[in-house]
Undergrad: 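The structure's right below; bear with me while I get my questions together.
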Amino acid sequence: MSTTSPAIPATEYEPPRRSWYKRNEIAVTPWLFLAPAIFFFLFYVIFPIFQSFNISLYDWDGLGEARFVGLGNYQELMDDSAFEVSLWNNLKWLVLYLLAIPAGLFIALLLNQTVTGIRLYKSLFFFPFVISQVVVGLVFTWFYDPTFGLLNAFLGVFGLGPVNVLGDPTLATYGIIAAGLWPQTAYCMILYLTGLNAVDPEQVEAARLDGAKGWKMLWYVIVPQLKPATFIAFVVTIIGALRSFDLISIMTNGGPFGQTRVLSFYMFEKALSEYGFRMGYGAAIAVVLFLIMLVFIAYFLWSMYNEEKGAR
Amino acid sequence: MFPRPIQTQPRAAQITYQALLPLALIMWLAPLIAVAIFSIKPDVDFTTGNYWGLPSSFEAATNYGKVFFASDMPRYMLNSFLITVPTVIGAVALSCMAGFALGVYRFKSNIWIFFMFVAGNFVPFQILMVPVRDLTLDLGLYNTKTGLVLFHIAFQTGFCTLFMRNFIRQLPFPLIEAARVEGVAEWRIFWYVVLPLMKPALAALAVLIFTFIWNDYFWAVVLTQGPESQPVTAGITSFNAQYRAAYHLMSAGSIVAAIPPVAMFFLMQKHFIAGLTLGAVK
């Protein structure tokens, strides 16, 4: 660390016996301010990441003696069909969750007007995001229910038979993703509403004079200006997709026949459920999830780094 | 403005738009509206199969009364408050200081420390689960609210520091330089110059963190069990197990569990949205 900030220049007339702290104030202060946050963060977030890597090399039930097995857990993962299912489901989540971005943009465009009461509409459209995922999960479980669910009541009007979305191994994951898209779309919508507010009206007018309208206008004039909003929407959606746990736990608990598991859920199941405490194996699954995430984290940090260089 | 203001469109289009809005809203919130309707229905409607007809009687008071006076729900709600409020205070305090340090001072490792917070904030929870649970057990804090609060503070510090640091970067730097020239001590600059300017950021972060922590489920399940320390998100599952198939009560319980963050959002809407969308505009 070095003092690069402009320090107080006139020090010659000060009495010579200033304390060490006073002399190094500018260099020391940031570290004093940072200390508690860094301590907490290292203790609870950074070190545990490395510990997980370590635990994944052991066979451990969380209580007894841990037995070193090297990459044994990872080898076991290769032949684990439940792991494969989880991995595929994670991919489905990642791809389909991204639909929240265009859907959010669509709703934002719909609501970007100045009619009476529009503010209330905006907040009510945003409202699903504020509710906990647990409640969203419950709400959608009942929504899909084959006997009294609103979905089947609605389908019944058209004479379509009852569909047991969450009981069907092929449909269940899509049903849960749809539930997850509900709050996520609301989030993207609010990002885009803020972004649309800041779109340069002069550019829009100029484009209009040049005859741009509709899709062309949206794609060539508006969307480029929404880039910061899109970046954040992308970041939060990817993270949301890979963190999905609450909805699965509430809506299907991994079933039917384990077909709705994703890595984050499978890991929890292996490490902390009635199937026995396999901490090492769970940690190995978490490491795989982390490595997938790392690709995205690296990309996010790289984008931010480039921006920082531009800023200062 | 894009799309073109509806006021410049023909009358017919305006009327269609005005009519479409409430319709779209009802469709958007339909699953939630259904639950709200369930929560005021009597028990008998579910046994007779009257799911979507008019309620045979309005039982809002009975159903919600049961949730509040005949279940563990109030206890879970209290736990949630006792977990959420200290976390908000702790995370905001830590990140104010860290954000100040990273936003105002230039030193070599600045950007790397900043990235440590940002990267940690993106990490999937699962990689922390086994070690953090272990750590909490070792500290004797398993199944206590304190254990949950300490972890939440630490984890939220990542996001909060990112937020605070970016906010402080936007403050006028000459103000701080002027104070330095006057010979004001650095901690006084923080307390008397920077902190007052950070009020909007403090409000925004406080409501955001309140919502995030209130809605946390994963850590509640990992670090606590039982009504003495579980927050409402975890408690609702035991509540539902207790009233299995009593959909009117489960619906009422879910709505009660969702109310505090919703109320927070509607009361502090401006700050909430400002917080969520920080960085969405250049």
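Every heavy atom of this structure was used, including side-chain atoms; hydrogens, water molecules and symmetry mates were not. Chain letters run A, B, ... following the sequence lines, proteins first and then strands; every chain starts at 1.
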Undergrad: Between the side chains of B/Glu177 and B/Arg180, is the shortest nitrogen-to-carboxylate-oxygen separation below 4.0 Å, so that they form an ion pair?
TA: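 No.
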Undergrad: How about A/Phe50: does its CZ atom have over 12 heavy atoms from other parts shown lying under 6.0 Å from it?
TA: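 Result for CZ/A/Phe50: open.
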Undergrad: Using 30° and 60° as the class limits, which term best fits the ring planes of B/Phe218 and B/Phe125: parallel, tilted or perpendicular?
TA: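 Ring orientation, 0 to 90° scale: parallel.
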Undergrad: Under a 4.5 Å heavy-atom cut-off, does chain A meet the side chain of B/Phe272, its backbone, both or neither?
TA: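 For B/Phe272, the side chain is the part near chain A, not the backbone.
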Undergrad: Please classify the contact of A/Ile38 with chain B as side chain, backbone, both or neither, using a heavy-atom distance under 4.5 Å.
TA: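 It is both, since atoms from each part get that close.
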Undergrad: Just wondering, are more than 12 heavy atoms of other shown residues or ligands nearer than 6.0 Å to OH in A/Tyr305?
TA: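 12 or below, so no.
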Undergrad: For chain A, which candidate among B/Phe114, B/Phe122, B/Phe38, B/Phe266 shows the most heavy-atom pairs at distances under 4.5 Å?
TA: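 Of the options given, most contacts go to B/Phe122.
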Undergrad: Looking at B/Thr237, B/Thr157, B/Leu29, which one has more heavy-atom pairs under 4.5 Å with chain A than the rest?
TA: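 Top option by heavy-atom pairs under 4.5 Å: B/Leu29.
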Undergrad: Verify ring pair (Phe, Tyr, Trp, His ring centres under 6.0 Å) between A/Phe126 and B/Phe265, making sure each step is shown before the conclusion.
TA: CA-CA 10 Å; A/Phe126 178 65; B/Phe265 164 65; 5.1 Å; yes
Undergrad: Flag the one option from B/Leu20, B/Asp134, B/Ile153 with the top tally of heavy-atom pairs under 4.5 Å to chain A.
TA: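 Highest number of pairs under 4.5 Å: B/Asp134.
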Undergrad: Could you please spell out the steps behind the ring pair (Phe, Tyr, Trp, His ring centres under 6.0 Å) verdict for A/Phe33 and B/Phe190?
TA: CA-CA 10 Å; A/Phe33 273 96; B/Phe190 171 70; 4.8 Å; yes
Undergrad: Please state whether the side chain, the backbone, both or neither of A/Phe290 comes within less than 4.5 Å of a heavy atom of chain B.
TA: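 Contact with chain B: backbone and side chain both.
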Undergrad: Between B/Asn110 and chain A, with a heavy-atom cut-off of 4.5 Å, which part of the residue counts as in contact: side chain, backbone, both or neither?
TA: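 For B/Asn110, no heavy atom lies under 4.5 Å from chain A.
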Undergrad: Is it the backbone or the side chain of B/Leu135 that comes under 4.5 Å from a heavy atom of chain A, or both, or neither?
TA: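 For B/Leu135, side-chain heavy atoms alone lie under 4.5 Å from chain A.
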